[in-house]
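Computed over heavy atoms, backbone and side chain alike; hydrogens, waters and symmetry mates excluded.
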Amino acid sequence: METYINYYHLEVGSEQYEAVKNSNIVSILENITSSEEGTDLTTVDLEAAALAYVQAIGLTDDEIAALKANLAMDYEIAAVEEPAVEEPVVEEPAVEEPAEEPVVTVAEPEIPSADTTYTVVSGDSLWKISSKLLGEGTRWGEIYDANTDTISNPSMIYVDQTLIIPAA
């Protein structure tokens, strides 16, 4: 959920945050741990379940060790210092005419009226694709359901993968 907070700017407790948590994170953890829906996941050994899962999908012991080391690292984004800007010496204050504010229009997403296809690009997720093409990120499950023959895990889609986008 930290990724959704940092990258997608979701606010803890918001409707979108809860939708992602319940539809993505909780369902994935229930799947990985083979828990029944509604299981209190605080009572499940998530580390053991995660290890069994990555072994089952074919990661080697070396790959698992590298993954653990990478996940344990404390990443920090270095602060960028802005260069000091010297104030120009102005003898008379300049008088500027107010500029006309540009008119910005935001196009509504064109929601398909019949099944279409979409090719995944870098940075895509089912949520983003659903937001862009179906008008709501919470409809990502519709895209997943239409593509279960090519998507085994809704959190793992790949660049250049062609997805069926169901009609609205």
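Within the 4.5 Å cutoff, the side chain of Val20 has heavy atoms near those of the Trp127 side chain. The shortest side-chain heavy-atom distance between Val44 and Thr42 does not fall under the 4.5 Å cut-off. Counting heavy atoms from C-beta on, the side chains of Gln161 and Ile151 come closer than 4.5 Å. Proximity of Ile157 to Ile129: side-chain heavy atoms (C-beta onward) are separated by under 4.5 Å at one or more points. Taking 4.5 Å as the limit, some side-chain heavy atom of Glu30 sits within range of a side-chain heavy atom of Glu37.
With rounding to the nearest 0.5 angstrom, the OG1 atom of Thr138 is 14.0 Å from the CD atom of Glu18. Note that CG of Leu126 and CG of Asn147 are 8.0 Å apart. Values are rounded to the nearest 0.5 Å. The CD1 atom of Ile57 lies 5.0 Å from the CG atom of Leu59; values are rounded to the nearest 0.5 Å. The distance from the OG atom of Ser34 to the OH atom of Tyr53 is 11.0 Å, given to the nearest 0.5 Å. The CD atom of Gln16 sits 6.5 Å away from atom OG of Ser131, with the distance rounded to the nearest 0.5 Å. In this structure, the separation between CG on Leu46 and CG on Leu51 is 12.5 Å, given to the nearest 0.5 Å.
The hydrophobic clustering, which links ILVMFWY residues whose side-chain heavy atoms are closer than 4.5 Å, places Leu67 and Ile32 together. Residue Val121 is grouped with residue Ile143 when hydrophobic side chains (ILVMFWY) are merged at heavy-atom distances under 4.5 angstrom, including chains of intermediate members.
Nearest heavy atoms, Val12 versus Ile5: CG2-CD1, 3.6 Å. Smallest separation of non-hydrogen atoms from Tyr144 and Ser152: OH-O, 3.8 Å. Nearest approach of Ala49 to Thr33, heavy atoms of both residues: CB-CG2, 3.4 Å.
With 3.5 Å as the limit, one finds no donor-acceptor pair spanning the side chains of Thr60 and Asp62. Checked by atom type, the side-chain pair Tyr118/Asp124 shows a donor-acceptor distance below 3.5 Å.
Between the side chain of Thr39 and the main chain of Ser35, no donor-acceptor pair closer than 3.5 Å is present. Side-chain atoms of Asp115 come within 3.5 Å of backbone N or O of Ala167 as a donor-acceptor pair. The backbone N or O of Ala48 sits less than 3.5 Å from a side-chain atom of Asp45, completing a donor-acceptor pair.
The neighbour count for Asp61 CG, taken as heavy atoms of other residues, nucleotides or ligands under 6.0 Å away, does not exceed 12.
Residues Arg139 and Glu136 are not paired through a salt bridge, judged by the lack of any N-O separation under 4.0 Å between the basic side chain and the carboxylate.
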